[in-house]
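Here is the structure we will look at, set down as C-alpha cells.
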Amino acid sequence: MNSYVEQTIKRVIEKNGHEPEFIQAVKEVLESLEPVIDQHKEYQDVSLLERLVEPERIISFRVPWLDDNNKVQVNRGFRVQFNGAIGPYKGGLRFHKSVNQSIMKFLAFEQTFKNSLTGLPIGGGKGGSDFDPKGKSDNEIMRFCQSFMNELQKHINHNLDVPAGDIGVGAREIGYLFGQYRRIKNTFEAGVLTGKDLSYGGSLARKEATGFGLMYFMREMLNANNKNLKDKIVTISGSGNVAIYAAQKAMEMGAKVVAMSDSNGCIYDGKGIDLDLIKQLKEVERKRIKEYLLKHSDAKYMENIIGQTPAVYTIKADIVLPCATQNDINLETAKLLVQNGVIAIGEGANMPTTIEAIDYLIQHNVLLAPAKAANAGGVATSALEMSQNSMRYAWTFDEVDKKLNDIMTNIFKMCYDTSKEYNLGINYVASANIAGFKKVANAMMAQGVI
Ligand code: NDP
Ligand code: 2IT
C-alpha cells in the first residue's frame, strides 16, 4: 500500500480507536485513493490527507425536553461540520437511539465526497441525536425539535450550514425545527433547512429524490453493463423515505418489488408489493410493516433474528436495494446474495455494506452502486431547494426531476470514466471515491493551509 495512505490510516486508528464506523469509512475511501495519491506527491507535502480526515468542527450539546408526563428527558445532540472547502456544510440530521459521535463523523465524512460528486457547491456535514422517536407523541417530537434547535441555531445559517432529514427526520421534524429557527432569529431564512413542506419553501421532488435518484443511477449502471431493469425481481431493506421512492421508481421502470422491511422484519408479497399500503402504514400511520398482512393475508412476514442475516436478504432477488442503515450487509449476507444470483446492489443507505462484503461482491462480478454516488440525489435536490429559495421561485416537479435525472446520469458517467482511467473494472466504489475526492482536494489545495 502507498505509505502515505497507510500512515494516515494508522494515525486515524490510533486517534479514533473508539469510533469503528468512522474508521471503516476512512479506510474505504483512503485505500481507494492510492492511485491518485501516487500521482500527486505534493499532497503529502501539505498534509492533505491528515487534514481531510479531521473534521473542521464538532459541536456536541445537551438537549433537555419535557415528556408528556412532565418528566425532564435529556439527549445528546451533534453537528459535525466536516469539510467546507467547496460550499456551506450540507447534510442531514439523524434521530435514532444508536446515534453517537462515530456514526455522526462517518456520515459527515462520506457526505463530503457525495456532495462533491453532485457537482453542486455544497460541503460535508451531518448531525442528529440519540433521541428515539419511536412511540413518542407529536407534542414530544415538537418539544424535542424545539429544544434541539435552541442550540443548533447558534451554529447554522443558509450560507454556513444547511441541515436536512435523514433517519427519523422527515417533513414533520423539519417543520418544527424551521418554526423554532424562524422565531429565534426573527427572519424568514428559507434556505437554512431543506426537505421543507411545499407550503413554506420546500422543493417539489425532494421527498422522492433519493429513491428516484438511486434508480436513475441503477439504470445507467445496468445500461453500461448491457443489462436493464425490465422484469427484474427487487428486494428492498427498509421502508422509510428512501426505500419507498426507490420502490416506486423501480416499479415504473418495469421491475417487480417483492419485499420490503423495517427493523423488526420483512414482508414478502410475490404478486408485487402494494406500495400505496406501505405509504399509508409508514408515512401516515407510522406503524410496523407487519401490519401489511392485515390487508394482504397471502403475503408472508419474516421476523429478524438478532445475530442472523436480516430476513429480507434471505429472499432470492436480481436486484437488492439496502435502504435502511449502515453495515446491513456483512460478508455472510453477501455470500448468500451471490449464491441466490444477485446481479446488482444499489446502496440507498449510507455505508450499508461492510468492507469485506464489498470486496466479495465485486470479486463475484456483482454490480455495486456505491452510496456516495447512488444516493446523492437527495442532497443534490436539497441543493436545488436552496437555489429555488435564493431565487424566491419554485420549479415544477418535472423541472426538478429532470435536473435530478441529469445529475445522477452525470454522476454515473464520472464513476464510469474514472473506472476506465484507473483500470478499476466494475469497482465503482473506488471510482466514486476518487472522483469525489478530486474536487475537494483541488479546492483545499487552492485555499492554502486550511
Ligand atoms: P427513514 O427513517 O425514513 O427510514 C429508515 C428505515 O430503515 C426504516 O424502515 C427503519 O425501520 C429501517 N431500519 C432498519 N434497521 C434500522 C436501524 N438499525 N437503524 C435505522 N433504521 C433502520 O430514513 P431514510 O429512508 O431517510 O434513510 C434510510 C437510509 O438512507 C439511511 O442510511 C440514510 O442515511 C440514507 N439516506 C437518506 C437520504 C434522505 O434523503 N433521506 C439521502 C441519502 C441517504 P424502523 O422504522 O423499524 O426503524
Ligand atoms: O445522507 C444524505 O445525503 C441525506 N440524508 C440528505 C442530506 C441533505 O442535505 O439533503
Side-chain angles (χ1 to χ4, degrees), residues 21 87-99 103-104 106-115 117-118 120 122-128 132-135 161-174 191-196 202-203 205-214 217 236-247 260-267 278-279 281-283 286-290 304 306 310-312 321-328 346-353 371-386:
E21 293 86 0
Y89 310 107
K90 181 85 196 84
L93 296 172
R94 176 177 292 191
F95 292 169
H96 192 268
K97 59 179 190 250
S98 63
V99 162
I103 290 176
M104 292 285 99
F106 114 65
L107 288 163
F109 181 72
E110 295 270 301
Q111 198 81 43
T112 301
F113 305 99
K114 181 197 302 193
N115 292 3
L117 283 169
T118 66
L120 300 166
I122 39 179
K126 200 86 187 190
D132 181 3
K134 287 206 177 82
D161 185 356
V162 180
D166 194 81
I167 292 174
V169 178
R172 173 180 61 166
E173 290 73 19
I174 293 293
V192 70
L193 292 171
T194 61
K196 298 181 292 295
S203 173
R206 173 61 188 90
K207 183 174 68 174
E208 294 83 357
T210 312
F212 278 21
L214 173 65
F217 187 96
I236 303 181
S237 172
S239 50
N241 173 261
V242 180
I244 286 174
Y245 294 95
M260 293 181 81
S261 69
D262 61 22
S263 56
N264 294 104
C266 89
I267 46 133
I278 296 279
K279 284 183 182 173
L281 287 174
K282 290 295 177 181
E283 293 185 331
R286 301 177 192 273
K287 292 211 168 124
R288 305 316 300 157
I289 205 161
K290 194 179 181 176
N304 287 336
I306 294 169
V312 71
L321 305 176
C323 297
T325 191
Q326 63 275 359
N327 293 330
D328 212 14
E347 296 187 332
N350 286 306
M351 205 168 78
T353 317
K372 282 183 206 76
N375 73 34
V379 75
T381 307
S382 276
L384 299 178
E385 183 172 331
M386 292 163 70

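Positions are given from 1, in the same order as the sequence printed here. As the structure lists them, so they are numbered: ligands from 1, and atoms in each ligand from 1. We use all heavy atoms of the structure for the numbers below, so side chains are in, but hydrogens, waters and symmetry mates are not.
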Could you state the interatomic distance from [atom1] ([X]) to [atom2] ([Y]), rounded to the nearest 0.5 Å?
{"X": "Gln111", "Y": "Ile122", "atom1": "CD", "atom2": "CD1", "answer": "7.5 Å"}
{"X": "Cys323", "Y": "Ile244", "atom1": "SG", "atom2": "CD1", "answer": "10.5 Å"}
{"X": "Glu21", "Y": "Asn327", "atom1": "CD", "atom2": "CG", "answer": "7.0 Å"}
{"X": "Lys372", "Y": "Thr118", "atom1": "NZ", "atom2": "OG1", "answer": "14.0 Å"}
{"X": "Lys97", "Y": "Asp132", "atom1": "NZ", "atom2": "CG", "answer": "5.5 Å"}

Give the residue and atom name of whichever protein heavy atom lies nearest to [atom], and the separation in Å to one decimal.
{"atom": "atom 46 (O) of ligand 1", "result": "Arg288 NH1, 3.6 Å"}
{"atom": "atom 6 (C) of ligand 2", "result": "Arg206 NH2, 3.6 Å"}
{"atom": "atom 10 (C) of ligand 1", "result": "Ser263 N, 4.5 Å"}
{"atom": "atom 2 (O) of ligand 1", "result": "Gly168 N, 3.0 Å"}
{"atom": "atom 10 (O) of ligand 2", "result": "Ser382 OG, 2.5 Å"}
{"atom": "atom 21 (N) of ligand 1", "result": "Ile167 CD1, 4.0 Å"}
{"atom": "atom 18 (N) of ligand 1", "result": "Thr325 CG2, 3.5 Å"}
{"atom": "atom 9 (O) of ligand 2", "result": "Lys90 NZ, 2.7 Å"}
{"atom": "atom 7 (C) of ligand 2", "result": "Gly92 N, 3.5 Å"}
{"atom": "atom 3 (O) of ligand 2", "result": "Lys114 NZ, 2.7 Å"}
{"atom": "atom 12 (C) of ligand 1", "result": "Ala324 CB, 3.7 Å"}
{"atom": "atom 19 (N) of ligand 1", "result": "His96 NE2, 3.3 Å"}

Please confirm whether Arg94 comes under 4.0 Å of ligand 1, counting heavy atoms of the residue only.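 In this structure, Arg94 qualifies as a contact of ligand 1 - some heavy atom is under 4.0 Å.
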
Residue part near ligand 1, for [X], under 4.0 Å between non-hydrogen atoms:
{"X": "Lys134", "value": "side chain"}
{"X": "Arg206", "value": "side chain"}
{"X": "Cys323", "value": "backbone"}

Under a 4.5 Å cut-off applied to non-hydrogen side-chain atoms, are [X] and [Y] in contact?
{"X": "Thr194", "Y": "Ser203", "result": "no"}
{"X": "Lys282", "Y": "Met260", "result": "no"}
{"X": "Asn350", "Y": "Lys126", "result": "yes"}
{"X": "Met386", "Y": "Leu120", "result": "no"}
{"X": "Lys134", "Y": "Arg288", "result": "yes"}
{"X": "Ile103", "Y": "Gln326", "result": "yes"}

State whether the shortest distance between N or O atoms of [X] and N or O atoms of ligand 1 falls below 3.5 angstrom.
{"X": "Gly378", "value": "no"}
{"X": "Asn241", "value": "yes"}
{"X": "Asn350", "value": "yes"}
{"X": "Asp262", "value": "no"}
{"X": "Asp166", "value": "yes"}

I'd like the name of whichever of [options] reaches closest to [atom] through any heavy atom.
{"atom": "atom 24 (P) of ligand 1", "options": "Asp132, Val242, Val379, Asn264", "result": "Val242"}
{"atom": "atom 30 (O) of ligand 1", "options": "Gly240, Gly348, Cys266", "result": "Gly348"}
{"atom": "atom 42 (C) of ligand 1", "options": "Asn327, Thr210, Val99, Ile103", "result": "Thr210"}

Heavy atoms only: give me the nearest Gly378-Thr210 pair and the separation to one decimal.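 Minimum heavy-atom separation between Gly378 and Thr210: CA-OG1, 3.1 Å.
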
Which atom pair, heavy atoms only, marks the closest approach of Asp262 to Ile289?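 Of all heavy-atom pairs spanning Asp262 and Ile289, the closest is OD2-N, 2.7 Å.
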
Please check: side-chain N/O of [X] versus main-chain N/O of [Y], any donor-acceptor pairing under 3.5 Å?
{"X": "Thr112", "Y": "Ala108", "answer": "yes"}
{"X": "Ser239", "Y": "Ser261", "answer": "yes"}
{"X": "Asn304", "Y": "Ser263", "answer": "yes"}

Per-residue contact class, Asn350 against ligand 2 - non-hydrogen pairs under 4.0 Å: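 Near ligand 2, Asn350 shows its side chain, while the N, CA, C and O stay back.
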
Please confirm whether Lys126 comes under 4.0 Å of ligand 2, counting heavy atoms of the residue only.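 Under 4.0 Å: yes for Lys126.
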
Any heavy atom of Gly165 sitting closer than 4.0 Å to ligand 2?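 The answer is yes: ligand 2 sits under 4.0 Å from a heavy atom of Gly165.
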
Show me which atoms of ligand 1 lie under 4.0 Å from any heavy atom of [X].
{"X": "Ser239", "value": "9 (O)"}
{"X": "Ala349", "value": "29 (C), 30 (O), 32 (O), 35 (C)"}
{"X": "Gly238", "value": "9 (O)"}

Close-contact set for ligand 2 against Ala164 heavy atoms, below 4.0 Å: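 Within the 4.0 Å cut-off of Ala164, ligand 2 contributes 8 (C), 9 (O), 10 (O).
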
Run the numbers for me: atoms of ligand 2, each under 4.0 Å from some heavy atom of Gly91, listed by number.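 Numbered from 1, ligand 2 contributes 7 (C), 9 (O).
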
Glu347/Asn375 under side chain to side chain contact (heavy atoms under 4.5 Å, CB included): CA gap, chis, key distance, verdict: CA-CA 7 Å; Glu347 296 187 332; Asn375 73 34; 5.7 Å; no

For Lys279, does the NZ atom sit with more than 12 other heavy atoms under 6.0 Å from it, leaving out its own atoms?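 Check passes, neighbour count above 12.
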
